[in-house]
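Here the structure comes first, spelled out in structure tokens, and everything after it is commentary.
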There are 2 protein chains.
Amino acid sequence: MTTHALPQPTRAELAILRVLWKQGPSTVRQVHELLRGTQDKDTGYTTVLKLLQNMTEKGIVQRDESERTHVYEAALSETRTQRDLLRDLMDRAFGGSATSVVAQALSMKRASAEELAEIRRLLDAHEKRGK
Amino acid sequence: MTTHALPQPTRAELAILRVLWKQGPSTVRQVHELLRGTQDKDTGYTTVLKLLQNMTEKGIVQRDESERTHVYEAALSETRTQRDLLRDLMDRAFGGSATSVVAQALSMKRASAEELAEIRRLLDAHEKRGK
DNA sequence: AAGAGTCAACGACGCTTGTCGTAGATGTCC
DNA sequence: GGACATCTACGACAAGCGTCGTTGACTCTT
């Protein structure tokens, strides 16, 4: 086992990761400004820097310091991270039942008609592949 | 606005809530012992007591202190809490997309054949009701 | 080359979480 | 009524998190 299972990102770290996934490799300043756009919270520049440094320490982002202005990049894919986070919540709150998770997801009115159709397609594809 | 939107339970608090949901109203000692059964972690009696006191303070559980040995009960239903937690994760990590959540849930091999059938039934029921 | 701007690094502070030790109150048993 | 057990309450503590202020290094402009 060489995969060390990186620590879960915290709330603030996840917000930064989302910027990194959307924008690709970015500098501290870029992350800071993009974050201001998508957040109601107003986070200071040095706070973002510190968070990025912590995340580098933990290995959840990678840093290119070949230039004076460092460039940060997410170490794990968005999909992978989503899976880890959902797995964790599923175990902690849903007794490990994927069915319960789906049931709750559907019960939220965010699930529109198009979303339902999309989910049905996913289900079909998954069932066929599972055969 | 009388609904104050109770704070999210922490990891340790959620573990306790799960005992409460399964066993119904319980004393500290009962929670402590049941927890020892379902957890690998060995949590001390006073730790459980303190957690329960904190949770009472936050309003996450309700305490009946009519007897010397207090009895604790979850203030919110399991389903309601699951919904709140999933909503939060969906917003923070999935951009609010229920479809993405379902896709990730399905991608975990926990989803067995029976689970898939169950999910399909949920989907049918939900679609019909939405009509 | 001086001054202004940009940047990473360092250290600190307040808060929350989870962990108990200890004390004090309330029973129970002989 | 004394000894012992059980239970809650109080307070402390370490670790993690999110927040910055400050400092020193580097760069650019004039």
Side-chain angles (χ1 to χ4, degrees), chain A residues 5-20 25-36 38-73 85 88-89 92-93, chain B residues 4-20 25-36 38-73 81 85 88-89 92-93:
Chain A
L6 300 181
Q8 301 261 43
T10 65
R11 294 180 101 83
E13 289 171 351
L14 184 56
I16 288 178
L17 282 177
R18 282 172 62 73
V19 171
L20 255 22
S26 309
T27 66
V28 176
R29 186 150 304 279
Q30 289 171 330
V31 172
H32 176 233
E33 283 167 5
L34 273 279
L35 214 49
R36 283 199 51 63
T38 46
Q39 294 266 139
D40 45 347
K41 193 86 176 173
D42 184 6
T43 308
Y45 173 88
T46 49
T47 300
V48 176
L49 169 62
K50 182 64 158 184
L51 257 348
L52 251 355
Q53 286 170 345
N54 293 345
M55 292 163 81
T56 304
E57 191 73 20
K58 296 178 188 175
I60 68 189
V61 298
Q62 283 177 343
R63 175 170 56 189
D64 175 2
E65 31 190 287
S66 62
E67 301 295 328
R68 175 164 118 88
T69 302
H70 300 176
V71 176
Y72 293 85
E73 182 176 7
L85 288 172
D88 180 62
L89 184 65
R92 281 181 16 244
Chain B
H4 282 51
L6 300 180
Q8 302 261 38
T10 66
R11 294 180 100 84
E13 289 171 349
L14 184 57
I16 288 178
L17 281 177
R18 283 172 62 74
V19 172
L20 255 22
S26 310
T27 66
V28 176
R29 185 150 305 278
Q30 289 171 331
V31 172
H32 177 234
E33 283 167 7
L34 274 280
L35 213 50
R36 280 199 52 64
T38 47
Q39 293 267 137
D40 45 347
K41 192 86 176 174
D42 185 6
T43 308
Y45 176 87
T46 50
T47 300
V48 175
L49 170 62
K50 182 64 159 183
L51 256 349
L52 250 357
Q53 286 171 346
N54 292 346
M55 292 163 83
T56 304
E57 191 72 21
K58 296 179 188 175
I60 291 177
V61 298
Q62 284 177 343
R63 175 171 55 189
D64 175 0
E65 29 189 287
S66 61
E67 301 295 328
R68 178 165 117 86
T69 303
H70 299 177
V71 176
Y72 294 85
E73 182 177 7
T81 304
L85 288 171
D88 180 61
L89 184 64
R92 280 178 19 239

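Here is how names work: the chains are called A, B, and so on, in the same order as the sequence lines, proteins then strands, and each is numbered from 1.
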Take the protein atom [atom1] of [X] and the nucleotide atom [atom2] of [N], then report the distance between them rounded to whole Å.
X       : N      : atom1 : atom2 : value
A:Asn54 : C:dA8  : CG    : P     : 14 Å
B:Glu65 : C:dA25 : CD    : C1'   : 14 Å
A:Lys58 : D:dC17 : NZ    : C1'   : 8 Å
A:Glu67 : D:dC26 : CD    : C1'   : 13 Å
A:Leu49 : C:dC10 : CG    : C1'   : 10 Å
B:Met55 : C:dT19 : CE    : P     : 13 Å
A:Leu52 : D:dC20 : CG    : P     : 15 Å
A:Gln30 : C:dT6  : CD    : P     : 15 Å

If you compare all heavy atoms of [X] against all heavy atoms of [Y], which two are closest, and at what distance to 0.1 Å?
X       : Y       : result
A:Ile60 : A:Pro7  : CG2-O, 3.8 Å
A:His32 : A:Tyr45 : NE2-N, 3.5 Å
A:Leu14 : B:Arg92 : CD2-O, 3.5 Å
A:Pro25 : A:Glu73 : CG-CD, 3.8 Å

Does a side-chain N or O of [X] approach OP1 or OP2 of [N] to a distance below 4.0 Å, or not?
X       : N      : result
B:Arg29 : D:dT6  : no
A:Thr47 : D:dG18 : no
B:Arg63 : D:dC7  : no
B:Gln53 : D:dT8  : no
A:Lys50 : D:dT22 : no

Mind checking whether B:Glu57 and B:Gln53 have side chains closer than 4.5 Å, heavy atoms only? no

The nucleotide from C:dA8, C:dT17, C:dT22 with an atom nearest the side chain of A:Thr69 is C:dA8

What nucleic acid atoms does B:Thr10 come within less than 4.0 Å of, heavy atoms only: base, sugar-phosphate, or nothing? sugar-phosphate

Walking DNA chain C from its 5' end, the first of A:Tyr45 and B:Leu51 to be reached, judged by nearest nucleotide, is A:Tyr45

Using heavy-atom distances to pick each residue's nearest nucleotide on DNA chain D, tell me which of A:Lys41 and B:Arg68 is more 5'. B:Arg68

